[in-house]
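To start, the structure itself, in structure tokens.
All values derive from a computational prediction rather than experimental measurement. In what follows, every chain begins at residue 1, and chains take the letters A, B, ... in the order their sequences are listed.
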Number of protein chains: 2
Amino acid sequence: MKSSDLIAAFLLDSLEKADGLVELQRNELAQQFNVVPSQINYVISSRFTPEHGYIIESRRGGGGYIRIRRVKQDKNVHIMHVVNAVGNRLNAMNAEVFLRNMLDYSYLTPQLFRVMRAAVSDNALSAIPLDCRDTVRAEIMKHMLLSVIA
Amino acid sequence: MKSSDLIAAFLLDSLEKADGLVELQRNELAQQFNVVPSQINYVISSRFTPEHGYIIESRRGGGGYIRIRRVKQDKNVHIMHVVNAVGNRLNAMNAEVFLRNMLDYSYLTPQLFRVMRAAVSDNALSAIPLDCRDTVRAEIMKHMLLSVIA
DNA sequence: TTCATTTTGGTCAGAAAAAGTCAAATTTTA
DNA sequence: TAAAATTTGACTTTTTCTGACCAAAATGAA
């Protein structure tokens with residue numbers, strides 16, 4: 001059995017027991033599974049992404065941690081659907097369409113709509129080179145949407 | 001739990017109870033939390049700055065003190081102040097600090113706070129090269145804040 | 001008053017304690 | 001065998017903690 005799978009299984013189990021919220025210390029966990037610390041990052045970034053329904057938060061320095069939060073999917077199915085529909089790239093026009101649609105269905109308040117539109121607007125993202133702007137926009141959009149669910 | 005967080009929590013609690021004005025003795029407080037005195041300075045300068053909405057006054061010599069005062073401001077003024085304070089670059093930690101402060105003052109709803117935090121988190125922006133990430137973050141933050149005012 | 005002593009708080013740099021990044025090397029899978 | 005997934009470790013960044021030394025205010029003696 002691969003280490004990554006073992007670690008992922010452990011984290012899934014912990015999430016189950018802890019009702020969707022688990023906090024870990026990278027070095028400690030790495031030691032428990034006898035792998036280098038950066039492998040914890042690999043496991044998380046390959047299996048606990050927003051697309052998989054998880055939000056990651058972390059802190060460095062003394063007393064640092066990595067926190068994994070599972071977002072509920074049974075409710076907010078529509079929003080999850082949008083998250084998946086966004087995919088890897090998202091242009092400004094489609095972003096607007098998605099947002100307006102959610103506003104129309106009252107999945108978003110008008111204020112939330114304005115803020116999210118501002119965040120993914122071409123104005124806000126103008127410093128990003130065109131070739132990766134839509135990728136970044138997709139990421140921001142997905143993270144914002146998941147935070148609404150969480 | 002980190003000492004710094006414990007001390008900050010204690011100070012926030014004191015501020016709450018004392019209606020926004022608290023006065024302390026550096027050495028005494030350091031002793032209570034079993035840290036060196038300069039750590040009190042660290043906690044204050046990392047968490048109770050003007051940007052966070054606090055004013056610090058102090059006096060040396062016999063009967064010396066450190067006074068922390070929370071200042072209340074008009075909502076839009078405060079938000080504009082944050083917009084200005086953001087400047088051209090903004091790292092993830094300061095972003096969090098600004099947002100949390102606005103949340104504390106009820107300038108943002110908890111949901112708005114979560115969404116905005118998600119939008120400027122390092123996770124959402126990980127596709128952007130490090131050397132321009134903080135610039136983009138600053139832009140996104142400012143656009144979102146302005147959309148709240150508008 | 002003047003000035004030495006004591007009592008505070010202030011600064012800063014370095015150590016320590018985490019987590020993050022990236023790309024090369026290896027292993028697995030199709 | 002070629003592509004994808006995994007493993008590893010060297011290097012970076014962020015945050016916290018500590019201590020040595022500095023500066024200012026109060027106090028008391030000469």
Here's a test of your reading of the structure: between B:S3 and B:D134, which maps to the more 5' nucleotide of DNA chain D?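 Checking each residue's closest nucleotide, the 5'-ward one belongs to B:D134.
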Please tell me which of B:V43 and B:L130 maps to the more 5' nucleotide of DNA chain D, matching each residue to the nucleotide holding its nearest heavy atom.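 Nearest-nucleotide comparison on DNA chain D picks B:L130.
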Using a distance-only test with no angle check, is there a side-chain donor-acceptor pair under 3.5 angstrom linking A:Q39 and A:S3?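 Result is no, nothing qualifies.
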Distance only, no hydrogens: is a donor on one side chain within 3.5 Å (strictly under) of an acceptor on the other, for A:R133 and A:N91?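 Note: A:R133 and A:N91 side chains miss the donor-acceptor criterion.
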Is there a side-chain contact between [X] and the phosphate of [N], meaning an N or O under 4.0 Å from OP1 or OP2?
{"X": "B:Y42", "N": "D:dT16", "result": "yes"}
{"X": "B:Q39", "N": "D:dT18", "result": "yes"}
{"X": "B:S46", "N": "D:dT15", "result": "no"}

Rounded to whole Å, please give me the gap between [atom1] in [X] and [atom2] in [N].
{"X": "B:Q31", "N": "D:dT18", "atom1": "CD", "atom2": "P", "answer": "14 Å"}
{"X": "A:I7", "N": "D:dT8", "atom1": "CD1", "atom2": "C1'", "answer": "13 Å"}
{"X": "B:I44", "N": "D:dT15", "atom1": "CD1", "atom2": "C1'", "answer": "18 Å"}
{"X": "A:F48", "N": "C:dA19", "atom1": "CZ", "atom2": "P", "answer": "16 Å"}
{"X": "B:R133", "N": "D:dT12", "atom1": "CZ", "atom2": "C1'", "answer": "13 Å"}
{"X": "B:E96", "N": "D:dT14", "atom1": "CD", "atom2": "C1'", "answer": "14 Å"}
{"X": "B:F33", "N": "D:dT18", "atom1": "CZ", "atom2": "P", "answer": "14 Å"}

Nucleotide-resolved protein contact map, nucleotides 3-9 of chain C, B/S/- at heavy-atom distance under 4.0 Å: ----BBB
Sugar-phosphate or base contact per nucleotide [nucleotides 23-30 of chain C; S, B, -; heavy atom under 4.0 Å]: --------
Look only at the side chain of [X] and the backbone of [Y], and say whether a donor-acceptor pair between them is shorter than 3.5 Å.
{"X": "B:N84", "Y": "B:M80", "result": "yes"}
{"X": "A:H143", "Y": "A:E139", "result": "yes"}
{"X": "B:D122", "Y": "B:A92", "result": "no"}
{"X": "B:S45", "Y": "B:N41", "result": "yes"}
{"X": "A:K142", "Y": "A:G87", "result": "yes"}

Does any residue of residues 121-128 of chain B have a heavy atom under 4.0 Å from DNA chain C, and if so, which ones, in number order?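 The stretch gives none, as no residue of it lies under 4.0 Å from the strand.
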Any chance you could measure [X], atom [atom1], to [Y], atom [atom2], to the nearest 0.5 Å?
{"X": "A:L24", "Y": "A:I40", "atom1": "CG", "atom2": "CD1", "answer": "7.0 Å"}
{"X": "A:L11", "Y": "A:I68", "atom1": "CG", "atom2": "CD1", "answer": "4.5 Å"}
{"X": "B:M102", "Y": "B:M116", "atom1": "CE", "atom2": "CE", "answer": "5.5 Å"}
{"X": "B:H78", "Y": "B:Y105", "atom1": "NE2", "atom2": "OH", "answer": "7.0 Å"}

Applying the salt bridge (charged side-chain N to carboxylate O under 4.0 Å, His left out) test to A:E23, which of A:R69, A:R59, A:R67 qualifies?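 Looking at A:R69, A:R59, A:R67, the match for A:E23 under the salt bridge (charged side-chain N to carboxylate O under 4.0 Å, His left out) is A:R67.
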With a non-hydrogen cut-off below 4.0 angstrom, is B:R47 in contact with a base, only sugar-phosphate, or nothing?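 Result for B:R47 = sugar-phosphate.
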